[in-house]
Amino acid sequence: MIRLNVNGHDHDVDAEPDTPLLYVLRDDLALNGAKFGCGLGQCGACTVMVDGRAVFSCLTPIALLPGRNVRTIEGLGMNAVQQAFVEEQAAQCGYCIAGMVMRAQALLEHNPNPSEQEIRDQMAVNLCRCGTHMRILAAVRRAAGRGVKS
Amino acid sequence: MALSKARIIAAAVALLVVGAGALLWHPAIAPVDTHAVFSHEQVARGAELAAIGDCSVCHTATNGQPFAGGRGVPTPFGTVYATNITPDPETGIGRWSEAAFKRAMRDGIDRAGHHLYPVLPYPHFTRATDADIAAMYAFLMTRPAAHATAPLNQLPFPLNQRFVLAGWNLLYLSPGPWHPDPAHDAAWNRGNYLVEAIGHCGACHTPHNALGAESSGQTLAGGQAENWYAPPLQSASPAVRPWTQATLADYLRTGFEAHHGAAAGPMTAVTDELAGVPDSDIQAIATYIASMMPKTAPEPVMARAGGDPHAAAIFAGACAGCHGSDAPMTRAGAPSLALSTVVNAPTPQGAIQMILNGIPWREGKSAPYMPSFGAVLTDAQVADLASYLRATYSEKPAWTDVPAEVAKARGSS
Amino acid sequence: MTAVLSRRTLLAAGGGLVVAFSLHAQEPKRPGSLKETPSLDAWIRVAPDGRVTVFTGKAELGQGLTTALLQIAAEQLDVAPNRIELITADTMRTPNEGFTAGSHSMQDSGTAILNAAAQVRGLLCDAAAAEFGVAADTLTTADGLVHAADGRAIGYGELAAKLNLHVDATANSPLKDPAAYRLMGTPMQRIDIPAKLTGGASYVQDLRLPGMLHARVVRQPSYGATLLDFDTGPIEHMPGVVKVVRDGSYLAVVATKEWQAIKAMRALAAAAKWQETASLPDEATILDTLQALPVKDIPVLTWQAQAGAPVKRLKARYSRPYLMHGAIGPSCSVAQFVDGTMTVWTHTQGVFPLRAALASLLRLPPDKVHCIHTQGSGCYGHNGADDVAGDAVLIARAVPGHPIRVQWMREDEHTNEPYGSAMIAEVEGAIDADGRIVDWDYAVWSNTHNRRPNIGGLMLQNAALSDKLPVPPPAPIPMPEGGGDRNSNPIYALPNARVVYHFIPQMPVRISALRSLGAYLNVFAIESFMDELAEAARADPVEFRLRHLQDERAKAVISLAAEKFGWSAGKRGDGRGFAFARYKNLAAYCAIALTLGVDHETGQIRLGRVVAAVDSGQPVNPDGIRLQIEGAIIQSASWTLYEQVHFDRKRITSFDWSRYPILRFPAAPDSIDVYIVPRPGLPFLGTGEAGQGPTSAAIANALKDAAGVRLRQIPLSAPAVKTAIGV
């Protein structure tokens with residue numbers, strides 16, 4: 001058993017310590033937001049926050065996580081970032097979008113007023129294949145304008 | 001990385017003493033308003049030399065126009081900003097004559113007569129031939145001009161006083177042309193020239209002394225680049241599979257070699273530049289460096305089971321997807337970590353930097369990539385993982401200074 | 001008498017060259033998919049409590065289809081969209097509308113629902129008229145109620161309870177006046193986005209059924225690889241492992257938890273030994289290799305007319321490499337085998353054809369296979385979606401009772417999905433002294449663009465299983481839609497033209513349908529060549545296009561894009577390019593103007609401002625149209641600038657995103673603005689693939705303007721551009 005704190009709640013998880021957080025979130029905690037995209041840290045579909053920083057949950061074995069705080073898109077409710085994504089209609093298939101929101105959330109918590117270049121560089125980690133890039137960038141700018149609470 | 005204050009003061013005092021004695025005045029070289037028309041061949045040759053010399057690597061800021069300067073180069077003494085070497089007349093070198101350019105390359109003195117910091121590797125360029133310097137000049141003078149001024153260097157007093165460099169030059173700059181070694185063939189000599197006079201490999205791969213100069217007698221014996229481990233390129237190479245001329249050429253041209261792995265850290269920019277260099281020059285560089293490398297090495301170990309179970313779990317969940325024996329990247333030809341130079345190196349610095357920073361994307365380029373783990377791993381976890389890699393994939397003794405090296409790397413990244 | 005090609009029949013035939021003609025001498029045709037599924041209650045049902053259910057045989061692929069269909073139904077029914085339930089592709093519930101592909105959904109399903117909804121509303125009004133004893137044309141509808149002029153009102157549910165909707169639709173429908181539309185033509189927020197932003201269960205990947213087990217497959221490392229015997233015993237005893245499934249060279253593992261399945265799969269992959277052959281051609285010379293293969297020549301068109309004397313003649317060769325769909329989410333499916341019936345949750349583009357393919361793979365009658373479309377990651381054509389369903393059913397049959405969830409690993413998707421075919425186009429053209437094109441010779445070489453499975457022989461697993469089904473030969477998709485020859489017929493009015501499609505049956509690399517099929521290269525070639533001819537004629541490229549066009553809608557789209565961009569015929573060299581196409585010359589019109597910059601030292605292209613104009617007929621969800629075009633521009637920019645499937649003589653070597661890089665955020669354009677030419681009341685024109693072709697040529701044309709070099713081989717990679725521009 002490993003104790004994980006996810007979205008402010010402790011969970012005792014019966015999983016092997018090498019299990020990447022992604023599978024624990026999806027299979028043990030029934031959270032859908034983080035997605036399997038590559039398992040290689042190349043696409044960001046699995047992005048969640050650990051102690052306030054955006055990480056690839058597919059490459060984060062739960063052995064790393066006791067005593068640390070995991071945050072997923074389910075823990076945001078419908079906050080300013082998500083609301084901005086709705087207003088910009090910043091999704092096509094949407095498979096990448098939870099990861100995009102989490103990456104943006106982490107960015108804006110650390111840098112409330114990023115420049116366009118900073119947004120693009122930070123978001124570069126996450127891939128979108130539908131070509132929703134302009135909407136996603138607009139959503140991050142929109143959320144930045146409103147201030148994002150951590 | 002910050003050097004101890006005492007060390008900086010000692011260095012500065014030494015330079016002041018020597019510099020005072022060597023304080024020579026250098027005249028400005030008259031500005032020019034027009035330039036010769038350069039031949040296409042000369043510009044093209046200049047482009048190749050500039051690539052081997054990595055001019056754009058330092059002289060281009062992130063997302064900046066090539067050669068427009070502004071990139072901060074971290075040194076043990078502070079940050080030095082590369083200048084604009086486009087032909088902009090006001091902020092670049094547009095009014096530099098070829099003679100002024102040559103003086104900068106040979107003596108480290110700019111057109112106005114000011115000393116340049118040896119972050120510009122003029123102790124190497126001083127060996128370059130007149131024709132090669134002229135070709136690089138022709139190449140730079142035909143680039144699009146950019147109006148850009150580099151930020152001020154961040155150096156402590158008195159290192160921010162350029163005259164101290166006069167003393168440094170007296171100690172460490174030995175002007176004079178490069179001489180071929182008749183004991184070796186033309187390819188070897190060509191490689192030796194390109195490595196010493198243009199490529200300045202020693203700027204990273206040779207250890208530096210307290211005053212930031214390459215230590216004499218230790219050419220290419222291994223050094224540091226922006227706090228990354230730069231392995232020895234001679235008999236002390238820790239490579240598990242000996243480098244050969246062919247594998248070196250392959251690595252230099254593509255940034256990847258199936259028995260050694262991928263270029264990482266500051267080296268990726270070097271191999272990216274070399275991708276466009278004529279094959280004969282790559283082969284020559286490889287010939288020269290391979291001649292200094294060990295010819296044999298012990299067989300690599302197979303990954304050993306066991307070890308720290310906590311670190312083993314980290315490896316299984318975070319690393320095995322690419323570095324496992326059955327991982328797609330491994331099946332596609334990436335070497336086992338048992339062949340990794342950084343895992344077999346005398347210090348954990350390279351392994352730590354790889355774990356923390358990975359290998360970034362190069363836009364649109366099919367090339368090795370590794371995610372950075374700096375955001376998710378604590379310092380202790382990085383240290384545990386590095387030690388685990390050493391124990392599992394190397395016969396060499398355990399590193400002793402791992403947590404301190406992690407802290408140092410964190411401070412620099 | 002007119003002969004109309006039925007795409008439905010064609011697509012249902014899958015690989016077979018089956019061309020069906022529906023001959024209608026007198027009776028007018030029913031619109032859209034009502035032709036194949038005429039019964040109104042196949043599309044719309046009204047429950048006694050007034051709840052409305054709408055059925056479509058098409059699927060949500062991320063293109064916003066469900067929202068647009070709801071807008072149509074709500075508009076014509078006068079029911080609020082949030083009171084309508086939409087059921088998408090399901091072999092037991094919805095009409096068979098073939099594949100959700102080819103930008104056909106609005107034309108087929110949207111048109112069917114538009115008309116069915118109008119007719120249902122008409123029948124409800126007729127029933128209300130009888131109930132109230134008034135004339136139907138005195139009644140109005142609003143919000144699920146029929147209102148009489150005297151104030152009486154009656155709900156749809158009450159009326160529907162007495163009404164038989166199991167009647168065939170008529171050819172003509174009492175459609176609303178487009179001027180009165182309140183929902184169609186007005187942007188509506190996508191209904192599926194909120195759940196996707198809050199962790200709702202939106203995808204087949206999110207299915208979590210009682211007793212569900214996880215499976216992974218150890219794929220053949222190369223085409224035709226043979227699995228040699230080895231001991232699977234140690235893996236069968238790994239934690240959580242339920243079963244190792246092996247049949248010939250097919251190898252899979254089932255475990256209780258997903259990570260256990262992955263670890264067992266890795267262990268199996270490490271233990272497995274394969275016999276492989278060097279079956280692939282040399283990547284460096286693939287275009288020449290393809291062009292030298294035997295072809296079947298298909299004449300596309302021959303035009304002959306009087307024209308001026310040619311004064312300049314140009315010739316060029318254009319090409320594209322194999323391209324990947326590259327879904328962000330690897331393909332996934334869940335299957336469950338209970339009492340001889342296989343239920344499959346799948347993100348296929350065609351539940352009915354897939355049902356036939358799976359039934360054939362399993363040797364089951366089709367009615368024992370039930371395919372339910374469940375959203376997946378965007379697919380952009382025929383990717384791994386169908387094949388992973390093949391995995392799910394094979395494994396589910398081996399572990400009866402349990403739902404089996406299979407998701408491909410990244411490398412499975414990258415190296416096994418069927419790619420978009422590499423293609424070559426050669427074009428020769430001549431202009432006269434007045435700068436008019438007087439001659440046009442065009443030839444295109446391509447594999448088929450359709451290997452979508454409708455029989456087991458086309459499933460990926462067939463190559464691995466010990467008992468193989470026959471594999472049908474590839475077939476071209478006939479014009480007017482076309483496959484490799486899609487959009488090879490120029491839209492321009494040319495006096496003399498010859499177009500031929502050299503169809504290459506032999507397929508060295510596994511290929512199938514990738515978004516826009518051959519149109520991507522054909523539009524790249526035609527629209528690049530139009531600029532080359534314009535330059536030869538010393539004409540502005542926009543004006544040059546207009547002078548060769550007669551289609552007024554084409555002209556309007558071009559003019560709008562040029563106007564919004566601020567295109568001027570004067571000074572050039574500022575890195576701007578223009579291109580235009582009407583997708584298939586049947587669907588949406590799209591013109592694109594853009595700017596770009598070129599890094600002289602590296603050859604890297606940086607996209608600046610992009611302006612697009614589009615005519616999709618009657619717009620339903622304008623924001624959806626804009627988003628489709630934005631997506632097409634960025635996806636096509638990624639194809640055009642970077643993409644190329646790499647392989648050695650044995651294996652596909654583009655096994656992940658590091659070896660098949662696609663566009664990331666820093667390379668996105670500075671801006672994209674999409675303008676719509678509204679055409680109220682005109683038929684819907686499919687839009688999902690309208691932008692890919694024009695984007696590629698606009699980039700090549702802008703590159704020529706910016707750097708003076710004409711690149712004709714996709715990708716326009718940084719090294720290729722640098723080589724062309726020199727030092």
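Keep in mind that the numbers below use all heavy atoms, side chains included, and drop hydrogens, waters and symmetry copies. To find a chain, count down the sequence lines: A is the first, B the second, and so on, and within it residues start at 1.
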- Counting only heavy atoms closer than 4.5 Å, note whether A34(A) contacts chain C via side chain, backbone, both or neither. neither

- Item | Under 3.5 Å donor-acceptor, Y203(C) side chain and Y95(A) backbone | yes

- Message: Which atoms of E116(A) are under 4.5 Å from chain C, going by heavy atoms: the side chain, the backbone, both sets, or neither?
- Response: neither

- Query: Given a strict heavy-atom distance threshold of 4.5 Å, which part of R405(C) is in contact with chain A: side chain, backbone, both, or neither?
  - Reply: side chain

- Task: Counting only heavy atoms closer than 4.5 Å, note whether S202(C) contacts chain A via side chain, backbone, both or neither.
- Result: neither

- Query: Quick one: ring-ring contact (aromatic ring centres under 6.0 Å, His included) partners of W657(C), sequence neighbours excluded?
  - Reply: H414(C)

- Note on the structure: In terms of heavy-atom pairs under 4.5 Å with chain C, the winner among G75(A), G131(A), A138(A) is G131(A)

- chain A contacts, top residue of E643(C), Q375(C), R515(C) (heavy-atom pairs, under 4.5 Å): E643(C)

- Query: Out of curiosity, W259(C) CH2 to L21(A) CG, how far, rounded to the nearest 0.5 Å?
  - Reply: 12.0 Å

- Rounded distance (nearest 0.5 Å) linking atom SG of C128(A) with atom CD1 of I662(C): 8.0 Å

- Item | Choice from Q63(C), Q189(C), M409(C) maximising heavy atom contacts with chain A below 4.5 Å | Q189(C)

- Note on the structure: Distance col, row C38(A):SG vs E411(C):CD, nearest 0.5 angstrom, shows 10.0 Å

- Query: Heavy-atom distance under 4.5 Å between the side chains of F36(A) and Q205(C), does that happen here?
  - Reply: no

- Note on the structure: Answer key: most heavy-atom pairs under 4.5 Å with chain C among R26(A), Q82(A), M78(A) is R26(A)

- Item | chain A contact via E413(C) - side chain, backbone, both or neither, heavy atoms under 4.5 Å | neither

- Message: Heavy-atom cut-off 4.5 Å, strictly under: side chain, backbone, both or neither for I672(C) against chain A?
- Response: both

- Contacting region of A15(A) [heavy-atom separation from chain C under 4.5 Å]: both

- Examine whether an atom of V86(A) lies under 4.5 Å from a heavy atom of chain C, and if so say whether it belongs to the side chain, the backbone or both; otherwise answer neither. both

- Item | Student check: side-chain heavy atoms of T198(C) and E74(A) closer than 4.5 Å | no

- Looking at I262(C), D656(C), L627(C), which one has more heavy-atom pairs under 4.5 Å with chain A than the rest? L627(C)

- Query: With distance as the sole test, does R129(A) use its side chain to make a donor-acceptor pair with the main-chain N or O of S377(C) at under 3.5 Å?
  - Reply: no

- Message: Let's test your reading of the structure: which of G39(A), C96(A), A98(A), A91(A) forms the most heavy-atom pairs below 4.5 Å with chain C?
- Response: A91(A)

- Side chain, backbone, both or neither: which part of P187(C) has an atom under 4.5 Å from a heavy atom of chain A? neither

- Is there side-chain contact between M100(A) and F665(C), with heavy atoms separated by less than 4.5 Å? yes

- Message: With a 4.5 angstrom heavy-atom cut-off, is it the side chain or the backbone of L76(A) that approaches chain C, or both, or neither?
- Response: neither

- Name the region of E60(C), side chain, backbone, both or neither, that has any atom closer than 4.5 Å to a heavy atom of chain A. neither

- Taking atom NZ of K196(C) and atom SG of C93(A), what is their separation to the nearest 0.5 Å? 6.5 Å

- Given D670(C), D192(C), L61(C), D623(C), the one with more heavy-atom pairs under 4.5 angstrom with chain A than any other is D623(C)

- Between NZ on residue K35(A) and CD1 on residue I328(C), distance to nearest 0.5 Å: 13.0 Å

- Taking everything shown except R3(A) itself, do over 12 heavy atoms lie less than 6.0 Å from its CZ? no

- Message: Among Q92(A), H133(A), R135(A), which residue satisfies the side chain to side chain donor-acceptor pair (under 3.5 Å) criterion with E630(C)?
- Response: R135(A)

- Message: If I measure from the heavy atoms of chain C, does D14(A) come under 4.5 Å with its side chain, its backbone, both, or neither?
- Response: backbone

- Check each atom of L663(C) against the heavy atoms of chain A and say whether the ones under 4.5 Å are side chain, backbone, both or neither. both

- Message: Looking at chain A, which one of Q628(C), K263(C), Q635(C), R190(C) has the largest number of heavy-atom pairs inside 4.5 Å, strictly under?
- Response: R190(C)

- The side chain to side chain donor-acceptor pair (under 3.5 Å) partner of K257(C) among D27(A), D28(A), T19(A) is D28(A)

- Message: Rounded at 0.5 Å granularity, tell me how far OG in S638(C) sits from CG in L127(A).
- Response: 9.0 Å

- Item | Top of G240(C), P330(C), A632(C) for chain A proximity - count of heavy-atom pairs under 4.5 angstrom | P330(C)

- Side chain, backbone, both or neither: which part of A45(A) has an atom under 4.5 Å from a heavy atom of chain C? side chain

- Could you tell me which of G44(A), G37(A), G33(A) has the largest number of non-hydrogen atom pairs under 4.5 Å with chain C? G37(A)

- Message: If you define the side chain from C-beta out and look only at heavy atoms, does anything of I633(C) sit under 4.5 Å from M134(A)?
- Response: no

- Query: Checking side-chain hydrogen bond (donor to acceptor under 3.5 Å, both in side chains) for the pair N32(A)/R208(C): CA distance, chi angles, key distance, verdict?
  - Reply: CA-CA 10 Å; N32(A) 297 312; R208(C) 232 173 263 109; 2.6 Å; yes

- Task: Residue by residue, scan residues 118-125 of chain A and write down, ordered by number, those that have a heavy-atom distance under 4.5 Å to chain C; if none do, write 'none'.
- Result: R120(A), D121(A), M123(A), A124(A), V125(A)

- Any idea which heavy atoms bring P239(C) and E16(A) closest together, and the distance? CB-OE2, 4.3 Å

- Message: If we define contacts as heavy-atom pairs under 4.5 Å, which of T72(A), T132(A), D18(A) has the most with chain C?
- Response: D18(A)

- Task: Considering non-hydrogen atoms only, spot the tightest contact between R664(C) and N126(A) and give its length.
- Result: NH1-N, 4.2 Å

